[in-house]
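Some notes on the structure that comes next.
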Amino acid sequence: MKKRNMMLATALLLVVLLIGGGTFAWFTASTPTKVNRFQAGTLKITLIDRFCEFDAKNVNPGDCYYKEVFVRNEGTKKAVVRIKKDMAFEGGLSLAPVTSSIDSNWFEKDGYYVYKKVLNPGQSTAGLFAFDKICFSGPLMDNTYQGKKFTINVMAEAIQATHQAPWHNGWGVIVNWMGGVQGLLAVEGEAEGEVVDAAKYTDAEITALIEAESAPIGEENAVEIGDLIEEKVIE
């Protein structure tokens, strides 16, 4: 019995050795690990509001005051920018005496003023107010305005310019890239973009603009790494 058990154990050991030996007898190969790193860009803006409140403590009908409002792109991404402006007289008095023309580089959309150009990193918009001034009409500012306070509140928002993000996010505007669409919308390059009211486009045109951005980024400049892989033979 013992002899039989030893013979069985020996046979099993031989099978294991044959299997193991067979495994290491084959030719094999492997490749080095290739690491691809991605880093998200940043979207950051600064609202600059240059205004001397001290000078505006004794307003007279007919006066004009310097007020410069613009936005600077402090991030790494191209951006579409808009500004919200709210003005009010104390007591709910009419705003008719206030003259504050909007600069031609901006257009109004859904209660915001949208900058007409895509803002590249490091760039600033033109001033929101034409000639950077706020004026009060003499003929329209009667005695009911004496001692009343007038306030202007401004705030800015930005969204990435690529992939028609403003339209998808409900801003109601489209980025029309100059010099062609394919390969320009999805990357940070030299392409200039014009921001326009989406109402000027049909649904089919908007769909075409979105589809044009579907090309893989960097496809033309992709590096083939297959030739760099060294086959490792394990004996």
Side-chain angles (χ1 to χ4, degrees), residues 1-46 71-81 117-124 157-171 173-196 198 201-235:
M1 187 68 177
K2 290 184 178 180
K3 184 177 181 180
R4 182 181 177 184
N5 289 339
M6 289 189 63
M7 289 179 64
L8 181 59
T10 302
L12 291 173
L13 180 61
L14 181 60
V15 170
V16 171
L17 290 175
L18 286 173
I19 294 175
T23 301
F24 287 100
W26 298 101
F27 289 156
T28 61
S30 64
T31 68
T33 300
K34 298 297 178 182
V35 180
N36 299 140
R37 296 179 176 86
F38 295 78
Q39 181 171 333
T42 59
L43 192 64
K44 180 182 178 182
I45 58 171
T46 299
V71 178
R72 181 181 298 122
N73 186 349
E74 306 279 6
T76 64
K77 305 294 294 179
K78 293 175 180 289
V80 174
V81 173
K117 301 176 183 178
V118 169
L119 204 60
N120 291 316
Q123 287 185 336
S124 296
E157 296 179 347
I159 191 170
Q160 70 178 65
T162 53
H163 303 292
Q164 299 302 337
W167 184 80
H168 286 297
N169 210 46
W171 282 30
V173 299
I174 287 291
V175 179
N176 179 24
W177 295 90
M178 303 174 185
V181 175
Q182 189 68 23
L184 296 180
L185 297 183
V187 298
E188 300 300 319
E190 297 299 326
E192 294 295 330
E194 179 186 12
V195 183
V196 295
Y201 290 81
T202 65
D203 289 343
E205 288 172 329
I206 293 174
T207 299
L209 285 172
I210 295 171
E211 290 179 350
E213 298 188 60
S214 63
I217 300 173
E219 183 176 12
E220 295 180 358
N221 299 319
V223 177
E224 177 61 57
I225 63 173
D227 293 337
L228 303 179
I229 298 176
E230 297 180 0
E231 186 178 88
K232 292 185 177 180
V233 179
I234 304 176
E235 297 181 354

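Side-chain atoms are counted along with the backbone in the values below, which use heavy atoms only and exclude waters and symmetry mates.
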List in chain and number order the residues that pass salt bridge (Lys or Arg N to Asp or Glu O under 4.0 Å) with E205, two or more places apart in sequence or in another chain; answer none if no residue qualifies.
->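 Testing E205 for salt bridge (Lys or Arg N to Asp or Glu O under 4.0 Å), a comparison that skips the adjacent residues, returns none.
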Nearest heavy-atom pair of [X] and [Y]: which atoms, and what distance?
X	Y	answer
A198	W167	CB-CD1, 3.7 Å
V196	Y201	CG2-CE1, 3.3 Å
A79	L43	CB-CD1, 3.6 Å
H168	H163	CD2-O, 3.3 Å
A161	P166	O-CD, 4.4 Å
V118	K78	CG1-CB, 3.7 Å

How far does [atom1] of [X] sit from [atom2] of [Y], to the nearest 0.5 angstrom?
X	Y	atom1	atom2	answer
L119	R72	CG	CZ	10.0 Å
Q164	I174	CD	CD1	4.0 Å
K77	I45	NZ	CD1	16.0 Å
N120	N73	CG	CG	7.5 Å

Residues two or more places apart in sequence or in another chain: which of them pass side-chain hydrogen bond (donor to acceptor under 3.5 Å, both in side chains) with T207?
->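 Expected list: none.
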Can any side-chain N or O of T42 pair as donor or acceptor with the backbone N or O of G75 at less than 3.5 Å?
->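 No: the side chain of T42 does not pair with the backbone of G75.
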Let me know which of V173, V81, N169 forms a side chain to side chain contact (heavy atoms under 4.5 Å, CB included) with I159.
->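 The side chain to side chain contact (heavy atoms under 4.5 Å, CB included) with I159 is passed solely by N169 among V173, V81, N169.
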